[in-house]
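So you know, we letter chains A, B, ... as the sequences are listed, proteins then strands, and number each from 1. These values consider heavy atoms only, across backbone and side chains, with no hydrogens, waters or symmetry-generated copies. All values reported here derive from a predicted model rather than from experimental measurement.
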Amino acid sequence: MTLKKNTNCGLLTKVNVGEKVVVAGWVQGRRDHGGLIFLDLRDRTGIVQVVFDQEKNKSFFNQVEKIRPEYVVAVGGKVVPRSPETVNLKLKTGEIEISADALEILNPSLTPPFYIENNIDTDENLRLRYRYLDLRRPEMLELLHFRHRILLEARKYLDGEGFWEIETPMLTRSTPEGARDYLVPSRISPGSFFALPQSPQLFKQLLMVAGVEKYFQIARCFRDEDLRADRQPEFTQIDMEMSFSSREDIMSVVEGLVKHLFQQVQGKDLKIPFEVLPYREAMERFGSDRPDTRFAMELVDISEIAAASQFRVFKTAVQDGGIVKGINAKNCGRYSRKEIDDLTALVQSWGAQGLGWMIVTGEGFKTPIAKFFSPSQLDTIREKFDAREGDLLLFIAGKREKALDVLGQLRVHLARREGLIPQNEDKFLWIVDFPLLAYDAEEKRYDSVHHPFTAPLEEELPLLAVDPLKVRSQAYDLVYNGVEVAGGSIRIHRKEVQEQIFKLLGLPDEEIEEKFGFLMRAFEYGAPPHGGLAFGLDRLIMLMAGRKSIRDVIAFPKTAAGNCLLTGAPGPVSAGQLAELHISPVLRNNKKDV
RNA sequence: GGAGCCGUGGUGUAGUCCGGUCAACAUGCCGGCCUGUCAAGCCGGAGAUCGCGGGUUCAAGUCCCGUCGGCUCCGCCA
């Protein structure tokens, strides 16, 4: 290489006029006028136009004619101003161009399978198979850079707050709860397996016992579950843990971190502290433990009226211990019967029995169920919903949890459909006071709502032995525009409490000892009170960047089937490798064996 | 584990419902002309047997069955 790049293409402006530069990058396009050839040269900073003139560039002009898109070239030349009529305001560098006097073709390129430009509409299949070309597109490089800046600023902020970045093992042991583990066979211990971490949870707690006091890690985590648009089998967390801290201390550090990231990376000024909503209230008002509060449409309880009405569906729901709640779909009174039937089918697919509805008109309610309510009951309903002419009231009756959940989904569905969600708002809020445990009817045992290491509210600790489902936890979730982006808790640091939880979860003593003995022992040697939180980093970045898929913010993501189209992973291995690992695959012919 | 959508020259689409101009349009690609373009332009050319396999039919891109791949959702993700 004789020409050495010394300038970034996209950063050249009028102030560089007169400079002798060498630019290098990829050829975006070529406009061949015969004796005059324009090249658009692109590097990660942007595009600059290079001009070759047959008269001036006689010695290598035939080389220029060979250049095609995506060739890698280096060009030496002088930055010159463009004449006023040839200025291109679409380019940041459009007021200048490079008048070439030297060229080196560093590498030719095949015609790429898709255009190297933003907003392409190509099969994602192709993009993933040629990921290096996909990433070469400016918007994708920008996302990689965006992610880098988030990580950099997170590190700066946490360092500033006294956190130490510490790595924990990738090869660890399988634990009984949680997601399916990715397993790694041990060559040296036949028949034994490592598991890739689902999160560094126990290690960071042990670091607290060790006296680290403030820890963080940009941690890769693995969960062998089915994928979604916002879920990959390997993903990254910003994982944190602090000793001697209350829930409020941790929430406040996290708020500082989020504010810092938005400030530094996007120049946005977030208001902190964030709103705090108890779980119960979130469920009752929004029907979700991760409510999108960028819009209202809150749930309204009419159980009392329903019980007193003559409408049997509502009446019996309440008599059976359930509820009747509804939402006001503002200005949706125009919906046709067909559209309302479709909504009914939708809520039924979510598990509701049916959907009650009332359209508010100038003359009163238009609804098949008006006759079951007295005029004063209808007035109360109108008042409770602040119902105006043209509104559509929708009701769900049933068991409390189910009714709330369905209404919560319906609320979001309608808001999207009606375009009620402000797109430029960044709404963060905390959900706290989650229940500690849920009852798993199938398994006939309790399950952790967060995870088994989450501490109960101190004052409700005594309830644990009496009425475990009543106990609330010191967990907290951070919700961003209706998406859970972080979650954490104050942890249990006393052995007796941890044992009590394990037993409620139905873990036998031997298993507690085998799987968690090391944690229990650690708690016997002066474990400080501690707690922490982890961000789903990919999801956070996706939302901040306004992307619909988590794959866009991961350099080399997997497909919905968990494959890497670029490398072909996962792939077969040799019999020799398997033998060495003491593994013998049992392949089932999915159809025949059943 | 289940459901839905998609799969036609390099790329994006049309044609598929109502089988019979077996293939159109745009862009890209190749060649020629062209000294001010930047979605350059003009002229000419090459390029798909319609994801794969099987079936129905005189005849299938078009209908049926299976299969592979991608996407989305439910289950799952403490």
Item to complete: Using a heavy-atom cut-off of under 4.0 Å over every strand shown, decide if A:Leu565 touches base, sugar-phosphate, or nothing.
Response: sugar-phosphate
Fill in: B:rC6 OP1/OP2 closer than 4.0 Å to side-chain N/O of A:Asn125
no
Discussion item. Once you apply a heavy-atom cut-off of 4.0 Å, does A:Pro113 come out as touching a base, just sugar-phosphate, or nothing?
Written reply: sugar-phosphate
Response to the item:
When both distances are under 3.5 Å in a Watson-Crick or G-U wobble arrangement, the nucleotide paired with B:rC52 is B:rG66
Practice prompt. For A:Leu126, report the nucleic acid contact type (base, sugar-phosphate, nothing); a contact means any heavy atom under 4.0 Å.
Written response: sugar-phosphate
Practice prompt. Apply salt bridge (Lys or Arg N to Asp or Glu O under 4.0 Å) to A:Arg290 and A:Glu484, showing your working.
Written response: CA-CA 6 Å; A:Arg290 45 177 176 83; A:Glu484 182 196 329; 6.0 Å; no
Worksheet item: Reckon A:Arg127 touches a base, only the sugar-phosphate, or nothing at all at heavy-atom distances under 4.0 Å?
Response: nothing
Discussion item. I'd like to know if A:Arg231 reaches the base of B:rC76 with its side chain such that a donor and an acceptor end up less than 3.5 angstrom apart.
Written reply: yes
Worksheet, complete the sentence: Nearest heavy-atom approach of A:Asp230 to A:Ile550 is O-CD1, 3.5 Å
Discussion item. Just the rounded figure in Å: distance from P of B:rG28 to CG of A:Leu110.
Written reply: 18 Å
Worksheet entry | Pairing partner (Watson-Crick or G-U wobble, both distances under 3.5 angstrom) of B:rC34 | none
Worksheet entry | Complementary nucleotide for B:rC58 - Watson-Crick or wobble, under 3.5 Å | B:rG20
Worksheet item: For the pair made of CG in A:Asp134 and P in B:rU11, what is the distance, rounded to whole Å?
Response: 14 Å
Discussion item. Between P on B:rA78 and CZ on A:Phe516, what's the gap in Å once rounded to a whole number?
Written reply: 13 Å
Practice prompt. Taking atom C1' in both B:rC22 and B:rA59, compute the distance separating them and give it to the nearest angstrom.
Written response: 12 Å
Worksheet entry | Below 4.0 Å: OP1/OP2 of B:rG28 and any side-chain N or O of A:Thr111 | no
Fill in: Nucleotide nearest A:Arg223 (side chain, heavy atoms from C-beta), chosen from B:rG12, B:rA78, B:rU72
B:rA78
Fill in: Annotated protein contacts, base or backbone, on nucleotides 31-47 of chain B with a non-hydrogen cut-off under 4.0 Å, one of B, S, - each
S--BBBBBSB-------
Worksheet item: Ring centroid separation for A:Phe516 and A:Phe502, is it under 6.0 angstrom?
Response: yes
Item to complete: Searching all strands shown, indicate the nucleotide that pairs with B:rG12 (Watson-Crick or G-U wobble; both distances under 3.5 Å).
Response: B:rC25
Discussion item. Rounding to an integer number of Å, can you tell me how far A:Ile550 CD1 sits from B:rC73 C1'?
Written reply: 16 Å
Discussion item. Check the orientation of A:Phe453 and A:His451. Use parallel for under 30°, tilted for 30 to 60°, and perpendicular for over 60°.
Written reply: tilted
Worksheet item: How far does the P atom of B:rU21 sit from the matching atom of B:rG12, given to the nearest Å?
Response: 27 Å
Item to complete: Can you tell me, in whole Å, how much space there is between the C1' of B:rG1 and that of B:rC64?
Response: 26 Å
Worksheet item: Whole-Å distance between B:rC74 P and A:Gln348 CD?
Response: 18 Å
Item to complete: Look only at the side chain of A:Asn118 and the backbone of A:Glu139, and say whether a donor-acceptor pair between them is shorter than 3.5 Å.
Response: yes
Worksheet item: Does A:Tyr115 make a side-chain donor-acceptor contact with the base of B:rG12, cut-off 3.5 Å?
Response: no
Worksheet item: Can you tell me how far C1' in B:rU72 sits from the matching atom in B:rG66, rounded to whole Å?
Response: 23 Å
Worksheet entry | Nearest non-hydrogen partners of A:Glu65 and A:Ile37, listed with the distance | CG-CD1, 3.7 Å
Discussion item. Between P on B:rG10 and CG on A:Leu133, what's the gap in Å once rounded to a whole number?
Written reply: 17 Å
Worksheet item: Okay, side chain of A:Asn57, backbone of A:Gln54: is any donor-acceptor separation there less than 3.5 Å?
Response: no
Worksheet entry | For B:rA3, the Watson-Crick or wobble counterpart (both distances under 3.5 Å) | B:rU72
Practice prompt. For A:Arg491 and A:Glu241, run salt bridge (Lys or Arg N to Asp or Glu O under 4.0 Å): C-alpha distance rounded to whole Å, both residues' side-chain angles, the deciding distance at 0.1 Å, then the answer.
Written response: CA-CA 10 Å; A:Arg491 325 296 184 190; A:Glu241 198 77 5; 2.8 Å; yes
Worksheet item: Nearest-Å distance, CG (A:Asp226) to P (B:rG4)?
Response: 17 Å
Worksheet item: Rounding to the closest angstrom, what is the interatomic distance between B:rG20 and B:rU57 at atom C1'?
Response: 11 Å
Practice prompt. Specify the residue among A:Glu225 and A:Ala229 whose closest nucleotide of RNA chain B lies further upstream toward the 5′ end.
Written response: A:Ala229
Item to complete: Taking atom C1' in both B:rU49 and B:rG7, compute the distance separating them and give it to the nearest angstrom.
Response: 16 Å
Discussion item. Students often get this wrong, so: under 4.0 angstrom with heavy atoms, is A:Asp123 touching a base, only sugar-phosphate, or nothing?
Written reply: sugar-phosphate
Worksheet entry | Separation between the P atoms of B:rC73 and B:rC30, rounded to whole Å | 40 Å
Worksheet item: Where the side chain of A:Glu97 meets the backbone of A:Arg82, is there a donor-acceptor pair that is under 3.5 Å apart?
Response: no
Worksheet item: Expressed in whole Å, how much space separates the P atoms belonging to B:rC25 and B:rC43?
Response: 15 Å
Discussion item. Tell me whether A:Tyr130 at atom OH has more than 12 heavy atoms from other residues, nucleotides or ligands lying less than 6.0 Å away.
Written reply: no
Worksheet, complete the sentence: Between A:Thr559 and A:Gln198, whichever has its closest RNA chain B nucleotide further toward 5' is A:Thr559
Worksheet item: How close or far is atom P of B:rG1 from atom CZ of A:Arg228, stated in whole angstroms?
Response: 14 Å
